[in-house]
Amino acid sequence: MINNEGQNVDLYIPRKCSATNRLIHAKDRASVQVNIGHVDENGVFTGDNTTFALSGFVRANGEADAAIERLWSKTYTAAGKKI
């Protein structure tokens, strides 16, 4: 819910799995959030990162590494290979 000042006042905002777009509920103890740092052409960290959230369902099926690879390659090509 948003108040009159435009601030979000909800106590809990659920995350969505980046791979399956399923909601990650509060009791999902196997879910993870991964931040992938961006580097420049010299391999130095630029201070930016991309965040992916994976549900326990994806991890339990053993598809987490393939999902991160697919998501990162989609993000990398959508950004015009500037990440």
Run F57 and R22 through side-chain contact (heavy atoms from CB on, under 4.5 Å) and show every step you take. CA-CA 9 Å; F57 174 77; R22 290 182 173 191; 3.3 Å; yes
Step by step, would you call N49 with I36 a side-chain contact (heavy atoms from CB on, under 4.5 Å)? CA-CA 5 Å; N49 61 16; I36 299 176; over 6 Å; no
Show your working on side chain to side chain donor-acceptor pair (under 3.5 Å) between T51 and N35 and close with a plain yes or no. CA-CA 4 Å; T51 303; N35 293 325; 2.7 Å; yes
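Here A30 pairs with D28, R59 under the side chain to side chain contact (heavy atoms under 4.5 Å, CB included) rule; sequence neighbours left out.
A donor-acceptor distance shorter than 3.5 angstrom exists from the side chain of D40 to the backbone of N42, with no hydrogens or angles considered. Looking only at distances, a side-chain donor or acceptor of T46 sits under 3.5 Å from a matching main-chain atom of H38.
The shortest side-chain heavy-atom distance between I68 and L54 falls under the 4.5 Å cut-off. Within the 4.5 Å cutoff, side-chain heavy atoms of W72 are placed close to those of T50.
Closest approach of L23 and K16 over heavy atoms only: CD2-CG, 3.6 Å. The shortest heavy-atom contact between V58 and C17 is CG2-SG, 3.8 Å.
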Sequence neighbours left out, cut at 3.5 Å: what donor-acceptor pairs do the side chains of residues 5-14 make with other protein atoms?
unit_1, atom_1, unit_2, atom_2, d
N8, OD1, D10, N, 3.3
D10, OD1, M1, N, 2.5
D10, OD2, M1, N, 2.5
Y12, OH, I24, O, 3.3
Y12, OH, A26, N, 3.3

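Summarising the geometry, atom CZ belonging to R70 is positioned 9.0 Å from atom CD belonging to E63; distances are rounded to the nearest 0.5 Å. With rounding to the nearest 0.5 Å, the separation of OG in S55 from CG in N21 is 10.5 Å.
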